[in-house]
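The sequence lines fix the lettering, A, B, ..., with proteins before strands; numbering per chain opens at 1.
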Amino acid sequence: MVKEVRVRFAPSPTGYLHVGGARTALFNWLFARRHGGKFILRIEDTDFARSSDVMAEGILQGLHWLGLNWDEGPYFQSRRLQHYRSFADRLLEEGRAYRCFCKLDDNADRKSEQLTKAPQDDIRHECPDFAAEDSERRAGSGEPFAIRFKVPNDKTSFKDLVFGEIEVDNKTLEDFVLIRSDGIPTYHLVVVADDMDMGITHVIRGADHISNTPKQVLLYQAAGSPLPEFAHLPLILGPDKQRLSKRHGATSVMAYAEMGYLPDAFFNFLSLLGWSPGDDRELLNRKELIELFSLKGVGKANAVFGLEKLDWFNSQYLRNASIDKLRELALKELQTAGIEVFEVESLDSRLELLRVRARKSNDFSTIFKAFFSDDFDYDPAAGEKFFEDPKLKELIPALHSLYLESEEFTLESTEKTLRRLAEQKEVKAGLLINAVRVALTGQKVAPGLFEVMLVLGRQRTIERLERLGRYLNSLPEK
RNA sequence: GUCCCCAUCGUCUAGACGGCCUAGGACACCGCGCUUUCAAUGCGGCAACACGGGUUCGAAUCCCGUUGGGGACGCCA
């Protein structure tokens, strides 16, 4: 019997769930589902200063939105502090770690210093590894200390399922801190302790953790524990190939939810960032994705997060959504926008007309507002372009009365009526069509005009023509 | 600066064993058709193996170097 696959997503609640984190969570989820394993959620909140419950909540919300349900957790590291202490104490006893009595301030600016400092071969921590008795004595006297791991003089390597064999000389590793002087464990210690405790079989995370991995490998070895499999995912960059940041616009997953992207579309799009099924398929639902997912399909090169294709995916999902789903989406969007929808009973026919044209669900409350509410404005640019002709002042009322009086109101009849009028008045049908389009939809682009009429109904069509008539008359003479 | 990693169209990518690649698909873009507009759709087009050396009968695929990019170097995660 093969060991059950157990993977985890371990965000730190110091920010929202961002695109990169979501992709990591997504791959972990896919991998777990593919292998019938467990997807575990763990909140890495040992940085008390920067962590917050609000952020943790936001991350959970983002995962929910994407449909990334977890099987265990969320575990909060802040509630497991005792656990980590004993791990560190054991390393201390075994002489694999030592107390560091350096003053905190001495190290505060270490980072900036390091970047400007001349190259140095050995970046090993300067704090002496005191003799055991000495160390005990100082600790006993209440002197504050941190616990550092004693990096052995050797080389450390591990196999990465994506990047292959990676080896570093331990000389390039500092004696990193395991327990801070305030007693709180650091990242390296807690990840390893938890991953061991939770029986994580595959550590799937961003490539920014590659250079952290040797330190963690050392910890596994010190603990005498077998290594999990590691799989590092290439990073997601902004269009300028720089690390994705607020400069690039929205990086929070929930921001995409608010912009009107569908979770399924976002899910699909994200799945293809850094991974490929190996063939040309792109529109893949969750079930297919689960079946197809493999770490072998993960590429090594960083990927740029580009919005055009996301938009395309979204429009595809909008187009293919069931009418029930579409209605739910539109209603929700219109509600949040504070738009009161007329004739909800006949909503579906309008949605069917719009679905191929919609790119985001926000479109329903913006460019397609006139299909749901009588309270809409003419797009100024559209008016400028199509209301110019003075003949319209006569034509629109004429059309209005024709529609009012005609017996039928069908696709054919409405078109015939309009075209005949244009012919009689010796104007191009386009003149009327364009103006009427703006009258009915407020926009210069819309679905086929006569379909729009039908879907709005005779009554509304007439009312809107009337409205345009009044509007034209209110316009100052040229 | 040091260490690690990466490198196919503008973007996402296909490309197990080197020959099936005059490098495929998708998005975007540009034409044409359809058409009352836009979208959709049909057809067509533009567009890449970073560079230089090897290895080989043969390299996008292997090796080395160069250049470029990214990541990591915290008592952050």
### Task
Ignoring backbone atoms, establish whether A/Arg357 has a side-chain N or O less than 4.0 Å from OP1 or OP2 of B/rA40.
no
### Nearest to side-chain heavy atoms of A/Trp312, which nucleotide of B/rA26, B/rA77, B/rU36
B/rA26
### Message
Within a 6.0 Å radius of atom CD on A/Glu384, are there more than 12 heavy atoms belonging to other residues, nucleotides or ligands?
### Response
no
### Summary
A/Phe149 CZ to B/rG74 P, in whole Å, measures 17 Å
### Message
Applying a 4.0 Å non-hydrogen cut-off, can you work out what A/Phe450 is touching in the nucleic acid: base, sugar-phosphate, or nothing?
### Response
base
### Query
What is the distance, rounded to the nearest whole Å, between atom CG of A/Asp379 and atom P of B/rC38?
15 Å
### Task
Please determine which of A/Asp197, A/Asp194, A/Thr46 meets the side-chain hydrogen bond (donor to acceptor under 3.5 Å, both in side chains) test together with A/Tyr84.
A/Asp194
### Message
When both hydrogen-bonding distances must be under 3.5 Å and the geometry is Watson-Crick or G-U wobble, what is B/rG33 paired with, if anything?
### Response
B/rU41
### Query
Would one find a side-chain N or O of A/Lys241 under 4.0 angstrom from OP1 or OP2 of B/rA7?
no
### B/rC29 versus B/rG15 - spacing of their P atoms, nearest Å
27 Å
### Message
Would you say A/Arg180 places a side-chain N or O within less than 4.0 Å of OP1 or OP2 belonging to B/rA77?
### Response
yes
### Message
Using the side-chain heavy atoms of A/Glu174, tell me which of these nucleotides is nearest: B/rG74, B/rA7, B/rC76.
### Response
B/rG74
### Message
Should the side chain of A/Lys300 and the base of B/rC6 be counted as holding a donor-acceptor pair, with the cut-off at 3.5 Å?
### Response
no
### Query
A/Leu310 has an atom CG; how far is it from atom P of B/rA28, in whole Å?
12 Å
### Task
Look at A/Arg359 and B/rC27 and indicate whether a side-chain polar atom (N or O) is within less than 4.0 Å of OP1 or OP2.
no
### Query
Can you tell me the Watson-Crick or wobble partner of B/rA26, both distances under 3.5 angstrom?
B/rU11
### Query
Which one is paired to B/rG74, where only Watson-Crick or G-U wobble pairs with both distances under 3.5 angstrom count?
none
### Message
Rounded to whole Å, please give me the gap between CZ in A/Phe163 and C1' in B/rA72.
### Response
13 Å
### Query
Using atom P of each nucleotide, how far apart are B/rG65 and B/rC3 to the nearest Å?
13 Å
### Task
Taking atom P in both B/rA48 and B/rG25, compute the distance separating them and give it to the nearest angstrom.
14 Å
### Pairwise C1' distance, B/rU61 and B/rC49 [rounded to whole Å]
10 Å
### Query
Counting only side-chain N and O atoms of A/Arg419, is one of them less than 4.0 Å from OP1 or OP2 of B/rU36?
yes
### Query
Across all strands, who's sitting opposite B/rA48 as a Watson-Crick or G-U wobble pair, both distances under 3.5 Å?
none
### Query
Between B/rA77 and A/Thr46, is there an OP1 or OP2 to side-chain N/O distance shorter than 4.0 Å?
yes
### Query
For the side chain of A/Val356, counting heavy atoms from C-beta on, which of B/rU36, B/rC12, B/rA39 is nearest?
B/rA39
### Query
At under 4.0 Å between heavy atoms, what does A/Gly278 touch on the DNA or RNA strands: base, sugar-phosphate, or nothing?
sugar-phosphate
### Task
Tell which nucleotide pairs with B/rG19, taking only Watson-Crick or G-U wobble pairs whose two distances are both under 3.5 angstrom.
B/rC57
### Message
Using a heavy-atom cut-off of 4.0 Å across all strands, would you classify A/Ala301 as base, sugar-phosphate, or nothing?
### Response
sugar-phosphate
## Note on the structure
Between CG of A/Leu283 and C1' of B/rC27 the distance, given in whole Å, is 11 Å
### Query
Is the distance from OP1 or OP2 of B/rG71 to the nearest side-chain N or O of A/Arg205 less than 4.0 Å?
no
#### Entry: Among B/rA26, B/rC3, B/rC4, the nucleotide that comes nearest once only the side chain of A/Lys309 is considered
B/rA26
### Message
Regarding B/rC73, can its base be found pairing with the side chain of A/Ser211 as donor and acceptor, where the two atoms are less than 3.5 Å apart?
### Response
no
### Message
Can you see if the side chain of A/Arg243 gets near the phosphate of B/rA72 - specifically, an N or O under 4.0 Å from OP1 or OP2?
### Response
yes
